[in-house]
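Notes follow the structure.
Excluded from the calculations below are hydrogen atoms, water molecules and symmetry mates; all remaining heavy atoms, backbone and side chain alike, are included.
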Amino acid sequence: MKKILLGAIGLVALGIAAPASAADLGRPYTKAPPPMMAAIYDWSGFYIGLNGGGGWSHKCWDQNTGLGGIFLAAEGCHDASGGVAGGQIGYRWQSGAWVFGVEAQGDWANLTGSNISLIAPFNPNLLVLPATANRSRIDGFGLFTGQVGYAWNSVLWYVKGGAAVVADKYTGFFPVSGLTFDRTSETRWGGVVGTGLEFAFAPNWSMAV
């Protein structure tokens, strides 16, 4: 339907223009200006942005080394999930359709989960309530990555990879009372790899997934 409508409009315009052209045959001929080319979006330059979403992790308390460091047992695993929000800063340069870049990203996180400890799964007095439980929380992470992408004008697809750092907190507690009986924290480094699709919807503005 749209093709038929556009064709009709073109024919009407030609029909209106024809008499005027016939009447103006005595005027000197002037060359029509060249057609305007569509602008090509340039992904080069520094950028800064915000991000938000969700995250998931799988945590295992592999061993309990209580009693002066003597191995006791594995305490079980759980999934930790929650929201993340933060920002990123980076630089990109474009060569033809290929885009290269480096980026640093830092996020606040609240990825939390817990499980009943396999060492003491029952209350020794009541025999029906769990005695102890383990909780883990990731409350922040950072990414330091390089990027390689391919651009179709204002659409960019890229892969990224590099180093990641995460802040972990671990807590042992009594689930009935909520009382904490031990806790520790650590900062861990590892690798990261991912992909993204970015769309520039206005000059110097874009959105990505």
Side-chain angles (χ1 to χ4, degrees), residues 37-65 74-115 133-173 182-209:
M37 299 297 293
I40 302 299
Y41 192 86
D42 187 3
W43 291 93
S44 300
F46 287 97
Y47 63 91
I48 188 170
L50 301 175
N51 69 79
W56 298 264
S57 67
H58 186 67
K59 294 293 193 181
C60 288
W61 293 48
D62 296 318
Q63 60 182 5
N64 184 313
T65 56
E75 296 196 62
C77 303
H78 58 259
D79 293 325
S81 61
V84 301
Q88 65 272 1
I89 185 171
Y91 179 79
R92 286 174 175 153
W93 60 97
Q94 185 168 354
S95 177
W98 292 97
V99 180
F100 307 89
V102 291
E103 182 180 276
Q105 175 180 331
D107 279 57
W108 164 90
N110 185 26
L111 311 186
T112 306
S114 62
N115 68 280
N134 303 321
R135 178 186 295 120
S136 68
R137 177 184 176 187
I138 296 176
D139 58 8
F141 64 87
L143 308 178
F144 306 92
T145 56
Q147 298 181 4
V148 178
Y150 193 87
W152 294 269
N153 197 4
S154 59
V155 178
L156 172 67
W157 171 75
Y158 59 87
V159 293
K160 62 191 295 184
V165 59
V166 67
D168 282 321
K169 292 183 178 179
Y170 309 102
T171 305
F173 66 101
D182 68 355
R183 65 179 55 178
T184 188
S185 62
E186 67 173 345
T187 300
R188 298 185 298 116
W189 285 87
V192 60
V193 63
T195 185
L197 187 65
E198 190 165 345
F199 172 68
F201 59 89
N204 300 321
W205 288 93
S206 66
M207 297 181 64
V209 177

Polar side-chain atom of [X] near backbone of [Y] as donor-acceptor pair, under 3.5 Å:
X	Y	value
Asn110	Gly82	no
Ser44	Gln94	yes
Asp107	Ala109	no

Handout entry: Ring geometry between Trp61 and Tyr170 (parallel below 30°, tilted from 30 to 60°, perpendicular above 60°)
Key =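 Perpendicular, since the angle between the ring planes exceeds 60°.
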Problem - Parallel, tilted or perpendicular: ring planes of Phe46 versus Tyr91, cut at 30 and 60 degrees - result: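 Ring orientation, 0 to 90° scale: tilted.
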What is the minimum heavy-atom distance between [X] and [Y], and which atoms define it?
X	Y	answer
Leu197	Tyr158	N-CE2, 4.3 Å
Ala164	Leu143	CB-CD2, 3.7 Å
His58	Cys60	NE2-SG, 3.7 Å
Phe141	Val84	CE2-CG1, 3.8 Å
Ser136	Ala80	OG-CB, 4.2 Å

Filter on salt bridge (Lys or Arg N to Asp or Glu O under 4.0 Å), then keep only pairs touching [range], sequence neighbours left out; what's left?
range	answer
residues 143-167	Glu103-Lys160
residues 77-102	Arg92-Glu198
residues 200-209	none

Practice task
Flag yes if more than 12 heavy atoms outside Trp205 fall under 6.0 Å of its CH2 atom; otherwise flag no.
Solution key: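 No, the 6.0 Å shell around CH2 holds no more than 12 heavy atoms from other groups.
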Exercise for the section: Could you list the residues that satisfy side-chain contact (heavy atoms from CB on, under 4.5 Å) with Ala133, not counting sequence neighbours? Expected result: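 Once residues adjacent in sequence are excluded, the partners of Ala133 under the side-chain contact (heavy atoms from CB on, under 4.5 Å) criterion are Ile116, Phe173, Pro175.
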Handout entry: Qualifying residues under side-chain contact (heavy atoms from CB on, under 4.5 Å), relative to Ala200, sequence neighbours excluded
Key =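 So Ala200 forms a side-chain contact (heavy atoms from CB on, under 4.5 Å) with Tyr41, Trp43, Ser154, Ser206.
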Practice task
Not counting sequence neighbours, which residues clear salt bridge (charged side-chain N to carboxylate O under 4.0 Å, His left out) with Asp168? List them please.
Solution key: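 For Asp168, the residues satisfying salt bridge (charged side-chain N to carboxylate O under 4.0 Å, His left out) (neighbours in sequence not counted) are Lys59, Arg188.
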